[in-house]
Student: 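This is the structure, below, for whatever I ask next.
Given the structure is predicted, the values throughout are model-derived calculations rather than measurements.
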Amino acid sequence: MIINFTEHFNLPAAEVFSYFLTPADWTRLYGLAGDPRDLGGGWYAIALKHFPFPLVARNTEQEPNHMVRWVFRGFWRGRGEARFVETTDGVRVEGFEEIAVRPLFFLSPLFERLFLEKRFRAIWEIGWHRLRKRESPRSSPKTLRNRA
C-alpha cells in the first residue's frame with residue numbers, strides 16, 4: 001500500500017521536522033503503543049497498537065528541516081519520505097509511505113487493502129491532528145491532499 005500526503009501547518013519547519021528525526025520520535029507524533037526500542041545502527045522497533053509485530057525502521061537520509069527518508073525491515077517492508085517546504089505562514093509536508101507485509105508476497109496487496117490500509121491512514125491522521133493542535137488558535141488548518 002502507498003499512502004501519499006500533502007499537509008500544511010502554521011508551524012515552523014523545525015518544529016514539524018523534530019517529529020521525524022528518528023523513528024523513535026514518531027511515537028511522539030502518532031502515540032503508538034509502547035516505547036521504541038533502539039536496535040542499534042539507527043534501527044528502532046516501534047510497537048503498533050492492534051498489530052502483533054513492531055515496525056522496525058531507520059532513517060536512511062535526511063536534510064534537517066527539509067527532507068527525511070526511511071526504510072522498514074523484518075515483518076514489514078517498505079520505505080517512506082517526507083519533504084518540508086517552508087511557506088510564508090508555516091510549512092507544507094509532502095511525501096509518501098510505501099509499506100507491505102513481507103511474508104505474504106503476492107497476497108500482501110489484498111491483505112493490506114482489506115485489513116491494513118485504513119489503520120495505517122488512521123495512524124497518519126492522528127499525527128496530523130496532533131500537529132494541528134499545536135497551531136495557534138488564529139491559524140486555519142489546511143489539508144491540501146490526503147488521499148492517493
Student: Return the OG1 to CG distance between T27 and L55, rounded to the nearest 0.5 Å.
Tutor: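 It comes to 11.5 Å.
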
Student: Could you tell me whether the side chain of E94 reaches within less than 4.5 Å of the side chain of F5, counting heavy atoms only?
Tutor: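 Not in contact.
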
Student: Does any part of the side chain of L131, heavy atoms only, come nearer than 4.5 Å to the side chain of Y19, both counted from C-beta?
Tutor: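 Y19 reaches L131 side chain to side chain.
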
Student: I need the minimum non-hydrogen distance between F96 and I2, along with the two atoms involved.
Tutor: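 Reported closest heavy-atom pair: CB-CG2, 4.4 Å.
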
Student: State whether the number of non-hydrogen atoms from other residues, nucleotides or ligands found under 6.0 Å of R37 atom CZ is greater than 12.
Tutor: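 Counting neighbours around CZ of R37, 12 or fewer heavy atoms of other residues, nucleotides or ligands fall under 6.0 Å, so no.
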
Student: Taking S18's backbone N and O only, do any of them form a donor-acceptor pair with R28's side chain (distance below 3.5 Å, no angle check)?
Tutor: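 Confirmed, R28 side chain pairs with S18 backbone.
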
Student: Before giving the answer on side-chain contact (heavy atoms from CB on, under 4.5 Å), spell out for R69 and R79 the whole-Å C-alpha distance, their side-chain angles and the decisive distance to 0.1 Å.
Tutor: CA-CA 7 Å; R69 290 187 180 116; R79 63 194 178 99; over 6 Å; no

Student: Working note: L11 + E135, criterion side-chain contact (heavy atoms from CB on, under 4.5 Å); need CA distance, chi angles, decisive distance, verdict.
Tutor: CA-CA 6 Å; L11 295 167; E135 293 178 310; 4.0 Å; yes

Student: Quick one: are the ring centres of W26 and Y44 less than 6.0 Å apart?
Tutor: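 No, they do not, as the ring centres are separated by 6.0 Å or more.
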
Student: Parallel, tilted or perpendicular for F17 and F84, by the 30°/60° rule?
Tutor: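 Perpendicular, since the angle between the ring planes exceeds 60°.
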
Student: Any Lys/Arg nitrogen of E98 or R77 sitting under 4.0 Å from an Asp/Glu carboxylate oxygen of the other?
Tutor: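 Here E98 does not pair with R77 in a salt bridge, since their nearest N and O are not under 4.0 Å apart.
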
Student: What heavy-atom pair brings I46 and P36 nearest, and what distance separates the two atoms?
Tutor: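 For I46 versus P36, the nearest heavy atoms are CG1-CB, 4.2 Å.
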
Student: Would I123 and V68 show up in the same hydrophobic cluster when neighbours are defined by side-chain heavy atoms closer than 4.5 Å?
Tutor: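 Yes, one cluster joins them.
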
Student: Would you check if P23 and N59 make a side-chain contact, meaning some heavy-atom pair closer than 4.5 Å?
Tutor: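 Sidechains of N59 and P23: in contact.
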
Student: Between CD of E125 and OH of Y30, what distance do you get to the nearest 0.5 Å?
Tutor: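 Going from the CD atom of E125 to the OH atom of Y30 covers 10.0 Å.
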
Student: Among residues at least two apart in sequence or on other chains, which ones pass side chain to side chain donor-acceptor pair (under 3.5 Å) with R83?
Tutor: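 Per chain and number, R83 pairs via side chain to side chain donor-acceptor pair (under 3.5 Å) with E81.
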
Student: Tell me whether E15 at atom CD has more than 12 heavy atoms from other residues, nucleotides or ligands lying less than 6.0 Å away.
Tutor: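 Check passes, neighbour count above 12.
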
Student: Please name the pair of heavy atoms, one in D89 and one in H8, separated by the smallest distance, quoted to 0.1 Å.
Tutor: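 Closest pair (atom of D89, atom of H8, distance): OD1-NE2, 3.0 Å.
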
Student: Do I126 and V16 belong together in a cluster built from hydrophobic side chains that touch within less than 4.5 Å?
Tutor: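 Hydrophobic grouping puts I126 apart from V16.
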
Student: Spell out, yes or no, whether W128 and I3 are grouped together once hydrophobic residues are joined by side-chain heavy atoms under 4.5 Å, including indirect joins.
Tutor: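 W128 clusters together with I3.
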
Student: In terms of heavy-atom contacts, does CZ of R134 have more than 12 from other residues, nucleotides or ligands at under 6.0 Å?
Tutor: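 Not buried by this count: 12 neighbours or fewer within 6.0 Å.
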
Student: If I compare all heavy atoms of R130 with all of L29, which pair ends up nearest, and what's the gap?
Tutor: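 Here R130 and L29 meet closest at CD-O, 2.9 Å.
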
Student: So which heavy atom on F9 is nearest to which on R132, and how close?
Tutor: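 Taking F9 first and R132 second, the nearest heavy atoms are CE2-NH1, 3.1 Å.
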
Student: For V71, which fellow cluster members are found when Ile, Leu, Val, Met, Phe, Trp and Tyr are connected by side-chain heavy-atom distances below 4.5 angstrom, either directly or through intermediates?
Tutor: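 So far as hydrophobic clustering goes, V71 is joined with L39, W43, V56.
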
Student: Testing the basics here: between R92 and T6, what is the closest heavy-atom pair and its distance to 0.1 Å?
Tutor: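 Between these two residues, the closest heavy atoms are CD-CG2, 3.8 Å.
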
Student: Could you tell me whether the side chain of E86 and the main chain of V91 form a donor-acceptor pair under 3.5 Å?
Tutor: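 The answer is no, because no donor-acceptor pair under 3.5 Å joins these two groups.
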
Student: Please identify each residue that fulfils side chain to side chain donor-acceptor pair (under 3.5 Å) with E97, with sequence neighbours left out.
Tutor: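 Side chain to side chain donor-acceptor pair (under 3.5 Å) check on E97 returns W70, W124.
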
